[in-house]
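So the structure is just underneath, and the comments pick up after that.
Numbers here simply count residues along the sequence, with the first being 1.
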Amino acid sequence: MSDGETIIRVAARGDGVTDSGRHAALAAPGDQLRADGIVVPGPHHATPPCRHFPTCGGCQLQHLDDESYGRFVSERILGALAAQGLEAPMRAPHLSPPKSRRRATLHAERRGNVIVLGFSEGSGTTLIDLVECHVVRPEIFRVLSPLRTLLQELVKPKRRADIHVTIADQGLDILIKGVSADGLSFAEQLPDFAIEHGIARFAIDDGYGPETRWEPEPVTITLGGVPVALPHAAFLQATEDGEAALIAAVREAVGDANTVADLFAGLGTFALNLPGKIYAGEAGREPVLALKAAAMLAARTIFADHRDLYRRPLTPAELDRFDALVLDPPRAGAREQITNIAESNSRRVAYVSCNPSSFARDAKILCEAGFIIDWVQPVGQFRWSTHVELAAQLTRQG
């Protein structure tokens with residue numbers, strides 16, 4: 001088209017970008033950006049499946065087909081590596097399917113006599129009252145309507161509640177923050193609500209910590225075939241599908257190592273899926289206790305250690321005891337621990353990351369110490385989101 005430019009890529013925040021650097025919202029690779037700013041859809045421009053797109057902040061990329069969405073996931077990682085002067089072999093991205101998220105944090109507020117429940121707008125704090133959702137699992141979406149009724153008793157005017165929903169082994173685990181529930185009416189409603197809608201646990205946090213109001217049997221999440229007690233609002237990989245892809249990548253990266261250190265281990269997503277003797281370091285007290293108890297009952301050789309790896313990272317001498325290392329740090333990365341790995345004799349690292357930028361920064365430290373990035377596995381667990389995850393194998397040369 002003579003009066004337009006072709007969108008060649010999607011930027012980190014979801015805008016389409018032309019070769020000359022012009023940006024256009026909701027544009028896909030292959031679209032034409034006209035001189036007047038109008039976007040003419042091209043071959044990779046998909047019809048968004050959800051009526052709430054693009055207002056709802058839960059998704060930013062429903063206008064991309066799978067090919068261009070997968071390319072976006074990979075290019076986010078390649079761009080972060082390039083910013084650090086690094087390159088790496090990039091595997092085909094693994095994309096979790098629609099309606100596969102097993103955990104979500106939603107918000108609720110009162111508008112007159114109506115309870116609005118959903119995600120915030122992408123460009124503000126206004127809540128979108130969800131009437132459909134194409135990212136969370138159906139079990140989560142089905143409970144939203146009855147939750148609105150239950151929340152009539154809890155949500156006060158000019159207050160916003162946060163609702164954490166996770167699919168556990170026994171059913172839905174729900175934690176509501178920012179409300180109090182002392183009335184008799186709520187206490188009478190809760191058992192019927194929980195039984196009818198398959199609620200495994202229901203808890204309220206009014207600012208003093210979660211208080212469980214319903215839990216007929218202990219709530220668990222199965223990891224590596226082992227049921228692990230699930231703390232309130234505990235971190236889990238967003239989808240079982242994405243979790244399986246990351247586990248497969250980590251198992252490949254550590255190979256036949258007999259002793260492995262799993263750093264930032266959480267509940268044991270990787271520790272419980274690895275053979276041999278495992279050291280699991282984690283700063284969260286509740287996840288450590290849950291993993292320790294589960295490993296003991298399952299007779300697994302896992303030493304779970306309550307240790308803040310930012311303030312007290314494993315030393316080079318401690319790291320030298322292991323055949324391979326696994327890291328799955330928060331978004332900030334693991335600079336302190338990575339520096340000690342670079343100074344150690346460690347030769348094999350599996351790095352799982354939810355932030356390509358901090359991964360690339362940490363990878364550069366290792367590469368300057370003699371490691372190479374053997375491969376990177378991109379993972380798009382947060383379907384149609386700009387949030388990107390990865391697993392990588394790094395080995396020391398020489």
Side-chain angles (χ1 to χ4, degrees), residues 6-17 19 28-30 43-44 46 60-61 64-97 100 237-239 241-255 269-270 324-331 333-334 338 341-342 347-397:
T6 301
I7 299 295
I8 60 171
R9 65 182 180 87
V10 178
R13 294 188 178 182
D15 288 351
V17 185
D19 189 52
H44 296 292
Q60 297 84 44
L61 302 173
L64 302 185
D65 65 4
D66 280 3
E67 181 181 341
S68 55
Y69 173 52
R71 192 183 313 146
F72 167 82
V73 171
S74 297
E75 288 178 350
R76 279 289 312 279
I77 302 168
L78 288 168
L81 290 171
Q84 297 290 343
L86 300 175
E87 296 180 347
M90 197 71 47
R91 293 182 168 178
H94 179 95
L95 306 179
S96 292
S100 62
Q237 296 297 335
T239 70
D241 167 87
E243 179 181 83
L246 292 172
I247 290 170
V250 167
R251 288 177 65 95
E252 179 183 348
V254 303
T269 298
F270 301 112
L325 309 174
V326 177
L327 290 90
D328 183 14
R331 290 187 59 80
I338 286 290
I341 294 173
R347 306 194 63 81
R348 182 177 291 270
V349 173
Y351 195 128
V352 177
S353 174
C354 60
N355 184 348
S357 296
S358 60
F359 162 73
R361 180 204 66 205
D362 291 349
K364 183 177 182 179
I365 296 172
L366 293 181
C367 289
E368 289 175 342
F371 282 81
I372 65 167
I373 306 173
D374 297 301
W375 48 260
V376 177
Q377 173 63 67
V379 176
Q381 282 196 85
F382 292 84
R383 184 77 181 194
W384 297 311
S385 165
T386 55
H387 187 83
V388 171
E389 298 185 299
L390 65 92
Q393 175 182 298
L394 300 94
T395 53
R396 193 188 294 271
Q397 302 302 292

What distance separates Leu78 CG from Leu81 CG, expressed to the nearest 0.5 Å? 6.5 Å
List the atom of Leu64, the atom of Pro29, and the distance in Å for their closest heavy-atom pair. CD2-CD, 4.0 Å
Kindly say whether Phe371 contributes a backbone atom to a donor-acceptor pair with the side chain of Arg396 at under 3.5 angstrom? no
Contact check, side chains of Val17 and Val10, non-hydrogen atoms, under 4.5 Å: no
Got a salt bridge between Asp15 and Arg9, using NZ or NE/NH1/NH2 to carboxylate O under 4.0 Å? no
Passing candidate, side-chain contact (heavy atoms from CB on, under 4.5 Å) with Cys354, options Gln237, Arg331, Gln381: Arg331
Locate the shortest heavy-atom distance separating Ile373 from Ala88; write the atom from each residue and the value. CG2-CB, 3.6 Å
From Ile77 CD1 over to Gln377 CD, what is the distance, rounded to the nearest 0.5 angstrom? 8.5 Å
Give the minimum heavy-atom separation between Ala342 and Leu366, together with the two atoms involved. N-CD2, 4.0 Å
Is any side-chain heavy atom of Phe382 less than 4.5 Å from a side-chain heavy atom of Glu389? yes
Kindly indicate whether the side chain of Phe359, heavy atoms from C-beta on, has any atom under 4.5 Å from the side chain of Val352. no
Could you tell me the separation between the OH atom of Tyr351 and the CG atom of Leu327, rounded to the nearest 0.5 Å? 6.5 Å
Do the non-hydrogen side-chain atoms of Val349 and Thr395 ever get within less than 4.5 Å of each other? no
Could you walk me through whether Arg251 and Phe270 pass the side-chain contact (heavy atoms from CB on, under 4.5 Å) test, one step at a time? CA-CA 8 Å; Arg251 288 177 65 95; Phe270 301 112; over 6 Å; no
Is any NZ, NE, NH1 or NH2 atom of the basic residue among Glu368 and Arg361 found under 4.0 Å from an Asp or Glu carboxylate oxygen of the other? no
Arg76 side chain vs Thr386 backbone, donor-acceptor pair below 3.5 Å: yes
First locate atom CG of Asp362, then atom CD1 of Ile338, and finally report the distance between them rounded to the nearest 0.5 Å. 4.5 Å
Expected output: side-chain Thr6 to main-chain Ile8 donor-acceptor under 3.5 Å: no
Residues, nucleotides or ligands: over 12 heavy atoms within 6.0 Å of Glu87 CD: no
Kindly indicate, with the supporting measurements, whether the criterion salt bridge (Lys or Arg N to Asp or Glu O under 4.0 Å) is fulfilled by Asp374 and Arg348. CA-CA 10 Å; Asp374 297 301; Arg348 182 177 291 270; over 6 Å; no
With heavy-atom distances below 4.5 Å as the criterion, would you say the side chains of Cys367 and Ile372 are in contact? no
Roughly how far apart are Ser353 OG and Leu246 CG, rounded to 0.5 Å? 10.5 Å
Side-chain contact test, heavy atoms from C-beta onward, threshold under 4.5 Å: evaluate it for Met90 versus Trp375 and give yes or no. no
Smallest heavy-atom separation, Ala360 atom then Ala80 atom, equals CB-O, 3.3 Å
Ignoring hydrogens and angles, tell me if any N or O in the side chain of Arg383 forms a donor-acceptor pair with the backbone of Ser96 under 3.5 Å. yes
Please confirm whether the backbone N or O of Arg71 pairs with a side-chain atom of Ser74, one donor and one acceptor, at under 3.5 Å? no
Going by heavy atoms in the side chains, are Glu243 and Asp241 under 4.5 Å from each other? no
With a 4.5 Å limit on heavy-atom distance, are the side chains of Lys364 and Leu86 in contact? yes
